[in-house]
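In the text below, chain A, chain B and the rest are named by the order of the sequence lines, each starting its count at 1.
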2 protein chains.
Amino acid sequence: MIQVQAQETDLQGAFRALSDPSRRQILLHLSRREMTIGEVAAHFQMTRAAVKKHLTVLEEGRLISVHVRGRERVNRIEPAGLAPVADWLAYFDRFWDQRLDALKDAVETDPR
Amino acid sequence: MIQVQAQETDLQGAFRALSDPSRRQILLHLSRREMTIGEVAAHFQMTRAAVKKHLTVLEEGRLISVHVRGRERVNRIEPAGLAPVADWLAYFDRFWDQRLDALKDAVETDPR
DNA sequence: TTGACATGATACCTTTTGGTATTATAAAAA
DNA sequence: TTTTTATAATACCAAAAGGTATCATGTCAA
């Protein structure tokens, strides 16, 4: 039960983090290389403070990890954090398939 | 360019719709069978009006379609609407793999 | 040590969001 | 036709979200 709740939390945190375009953009940047807050902010027009807030949300969603290096904070993507989201989506694959199967059946048994 | 924008719109609409737990729950209900607003609302404590707002957001994200049947409105899941989200996630699969490959290499070339 | 610099922390503002309550419509049923 | 009933539409509210500005802090470098 505790695990279930933790999973739901991860799921919500991840979905929440992904719901903002700027945060998805940040993830794409970080997929190229890990970056400090300043480096990430250089790609946007908003202030460093705003970028930092987005990074916090991404960290809460476990989509990135933050590593202190001297006075810098290096942000690194954590692809594993996307797993709960991918898993949730996977549930609906069967409806995809189901619909495709129904279509296939309809074609094969078409009485024309 | 128009297509790109349309895709981005779809992506944002879908991610937006999925960011709320109630809306994800609604999708799960609708994956069992199509339902009217009232039927969906019966599964929740919030008012019909609130459920209807959620359904509107889901429709805007193209995750459901709505079909008028007399004075009822039947809500049907549209699994295809999840495709943009799945595609977006798929981009990160390579980083997943990359990291696994790096781990594999590290193990295989371990000088111990 | 001192100054520059990367970041943290707060406070504040505006817009969006998730929700309720209320009233209006339109279709189905009595 | 009258009355339910399923939904639409609107107004409203509190909280959250996304953003800025400002000031504090800790670290690097001269």
**Request:** Identify, with sequence neighbours excluded, every residue that meets salt bridge (charged side-chain N to carboxylate O under 4.0 Å, His left out) alongside A:Glu59.
**Result:** none
**Prompt:** How would you list, by chain and number, every residue that makes a side-chain contact (heavy atoms from CB on, under 4.5 Å) with A:Ala86, sequence neighbours excluded?
**Reply:** B:Leu89
**Asked** What integer distance in Å separates B:Glu60:CD from C:dT16:P?
**Response** 13 Å
**Item:** All side-chain contact (heavy atoms from CB on, under 4.5 Å) counterparts of B:Lys52, not counting sequence neighbours
**Value:** B:Ile37, B:Thr56
**Request:** Could you tell me which residues satisfy side-chain hydrogen bond (donor to acceptor under 3.5 Å, both in side chains) with A:Ser65, sequence neighbours excluded, listed by chain and number?
**Result:** A:His67, A:Glu78
**Item:** Set of residues satisfying salt bridge (charged side-chain N to carboxylate O under 4.0 Å, His left out) with respect to A:Arg23, sequence neighbours excluded
**Value:** none
**Request:** On DNA chain D, reading 5' to 3', which nucleotide is the first and which the last to sit with an atom under 4.0 Å from a heavy atom of chain A, could you check?
**Result:** D:dA17 to D:dC28
**Item:** Of residues 64-75 of chain B, the positions that come close to DNA chain D - non-hydrogen atoms, cut-off under 4.0 Å
**Value:** B:Arg71, B:Glu72, B:Arg73
**Request:** Not counting sequence neighbours, which residues clear side-chain contact (heavy atoms from CB on, under 4.5 Å) with A:Ser22? List them please.
**Result:** A:Asp20, A:Phe44, A:Met46, A:His54
**Asked** Rounded to whole angstroms, how far apart are NZ on A:Lys52 and C1' on C:dA6?
**Response** 12 Å
**Asked** Can you list every salt bridge (charged side-chain N to carboxylate O under 4.0 Å, His left out) pair that touches residues 35-48 of chain B, not counting sequence neighbours?
**Response** B:Arg33-B:Glu39
Quick one: which protein N/O atoms are closer than 3.5 Å to N/O atoms of nucleotides 18-25 of chain C? Pair and distance per line, please.
residue	atom	partner	partner atom	Å
C:dG18	OP1	B:Arg23	NH2	3.3
C:dG18	OP2	B:Arg23	NH1	3.1
C:dG19	OP2	B:His54	NE2	2.2
C:dG19	N7	B:Lys53	NZ	2.9
C:dG19	O6	B:Lys53	NZ	2.2
C:dT20	OP2	B:Thr47	N	2.9
C:dT20	OP2	B:Thr47	OG1	2.7

**Prompt:** With sequence neighbours excluded, what pairs up with A:Glu72 under the side-chain hydrogen bond (donor to acceptor under 3.5 Å, both in side chains) test?
**Reply:** A:Arg69
**Prompt:** What heavy-atom pair brings A:Ala17 and A:Leu63 nearest, and what distance separates the two atoms?
**Reply:** CB-CD1, 3.8 Å
**Request:** Check side-chain contact (heavy atoms from CB on, under 4.5 Å) between A:Arg32 and all other residues, then give those that pass, not counting sequence neighbours.
**Result:** none
